[in-house]
There are 2 protein chains.
Amino acid sequence: MNVSTAVPAPSSRPSPRSLRARDKLMRTAERLYAEHGFAGVSMRMIREAAGQRNNSAVQYHFSSRDELIVAILEQHAAAVERHRSRLVAVLEARGQASPREWIACVVEPGIEHHVELGTPSWYGRFLAQAVVEPGLREHARRAYTCTPSFQRLDRLHPSAGAGRDTELTERHAAMIRLLLVHMSADLETELAAGQATRDEAERAWRRLGDNLVTAVLGLSSALLPG
Amino acid sequence: MNVSTAVPAPSSRPSPRSLRARDKLMRTAERLYAEHGFAGVSMRMIREAAGQRNNSAVQYHFSSRDELIVAILEQHAAAVERHRSRLVAVLEARGQASPREWIACVVEPGIEHHVELGTPSWYGRFLAQAVVEPGLREHARRAYTCTPSFQRLDRLHPSAGAGRDTELTERHAAMIRLLLVHMSADLETELAAGQATRDEAERAWRRLGDNLVTAVLGLSSALLPG
């Protein structure tokens with residue numbers, strides 16, 4: 001154990017004020033990216049919109065635009081992971097999952113996260129752009145799928161261990177992933193434009209969750225029957 | 001009829017050389033956007049990569065970045081529309097379509113277009129970015145769905161005229177659309193990275209087409225049964 005890294009000197013720990021400033025930059029960046037697109041937003045716009053007078057405020061907290069985007073992605077991925085971990089634990093305690101329960105464990109954590117975020121939110125549109133951005137798509141995919149809860153969920157799959165065509169299994173996983181990401185971005189856009197109340201938004205997110213579970217169930221049994 | 005607009009003066013018609021330059025800018029922009037993302041590419045990079053020495057070459061042909069992107073979108077949408085129009089005509093001649101034939105008419109025109117483009121291509125990744133870009137998403141959606149062939153296809157729908165929940169019908173259409181767009185971008189990325197031959201690429205596109213028809217059939221019968 002390396003004492004010098006394990007016990008950081010107090011001066012190397014960011015102050016609460018510095019953490020607040022970092023968080024404000026992340027929230028502001030997410031909103032601007034969602035509304036104007038990655039191509040339409042400069043570091044300077046983010047700094048100014050976050051009320052930072054210091055010209056190098058963004059550079060102080062994030063070495064690059066991609067590091068800023070990755071930090072936002074990881075914060076959300078961690079929140080989604082907490083929801084999924086809780087749902088998987090319930091199925092683990094029972095030792096099995098029906099196909100619908102298994103798929104609900106894939107779909108619902110993201111829906112729960114959106115319900116918590118309330119409306120207007122920006123994360124859905126932000127994520128949809130990150131997953132198609134050439135330099136970020138691999139990272140965004142891994143942040144959401146290579147997680148402990150997904151590994152636990154894999155072991156509970158109704159047909160776990162069955163021999164499968166790898167190309168088809170991966171394609172199937174990709175279809176589910178992009179349905180969740182882009183349908184969420186669509187609903188978020190609608191809710192933001194329609195100025196939905198928090199209650200209306202919650203109902204709309206749960207309806208989308210139900211539709212997605214149903215759609216994915218149908219898609220899965222057609223593509224990977226048996 | 002306004003004669004002055006219906007019969008343009010010869011001088012207002014672009015020269016073949018000007019049309020070639022315009023096309024070269026479009027092809028170059030598409031490739032750069034696919035490889036580096038909308039945010040990673042400036043008008044200057046496009047002009048230089050297209051071998052244009054004139055500083056205002058892009059501005060001469062396109063009044064804005066969005067106009068350039070829309071021109072690229074529309075060129076591809078027109079090619080996809082020609083494929084769909086041919087397929088719909090076959091079903092119209094018979095006067096009916098099975099659910100699988102109907103869905104094939106939605107899925108296959110885009111697949112055919114990719115087969116024609118060969119590999120490496122850039123259109124798939126370009127389109128995936130356009131449909132999530134806040135200022136372009138509505139335009140991109142309309143360019144591909146509000147077309148004569150889709151209107152003709154609607155009239156051939158196996159359950160045309162049946163009373164449907166509008167939210168669900170629209171959600172269903174959105175799911176299909178985003179499966180086609182983003183699964184195509186995924187395959188294009190793989191083929192470009194793996195340096196597939198033209199034949200390998202064609203087989204891979206047709207396999208994706210078959211998988212998509214199967215997946216969409218399953219999804220549709222689960223989400224909109226009966």
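Bear in mind that the values here come from a model prediction, so they are computed numbers and not experimental data. Side-chain atoms are counted along with the backbone in the values below, which use heavy atoms only and exclude waters and symmetry mates. Convention: sequence-line order gives letters A, B, ...; per-chain numbering from 1.
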Between [X] and chain A, which part of the residue has a heavy atom less than 4.5 Å away: side chain, backbone, both or neither?
X       : value
R65(B)  : side chain
T214(B) : both
S220(B) : neither
L179(B) : both
E35(B)  : backbone
L136(B) : neither

Once rounded to the nearest 0.5 Å, what's the spacing between atom [atom1] of [X] and atom [atom2] of [Y]?
X       : Y       : atom1 : atom2 : answer
L178(A) : M175(B) : CG    : CE    : 11.0 Å
N211(B) : R171(A) : CG    : CZ    : 5.0 Å
L217(A) : L223(B) : CG    : CG    : 11.0 Å

Do [X] and [Y] come close enough that some side-chain heavy atom pair is under 4.5 Å?
X       : Y       : result
D186(A) : R137(B) : yes
H182(B) : V131(A) : no
Q129(B) : Q129(A) : no
R125(A) : V132(B) : no

Task: Among A34(B), A39(B), A222(B), residue most engaged with chain A (heavy-atom pairs, under 4.5 Å) - done: A39(B)
Open item on the list: Counting heavy-atom pairs closer than 4.5 Å to chain A, which one of E133(B), R207(B), H172(B), H36(B) comes out on top?
Closed with: R207(B)
TODO: Return the option, out of A215(A), G37(A), G135(A), with the maximum number of heavy-atom pairs under 4.5 Å with chain B.
DONE: A215(A)
Open item on the list: Heavy-atom pairs under 4.5 Å with chain B: which of T189(A), L208(A), L168(A) has the most?
Closed with: L208(A)
Open item on the list: Can you tell me if R53(B) has over 12 outside heavy atoms packed within less than 6.0 Å of its CZ?
Closed with: no
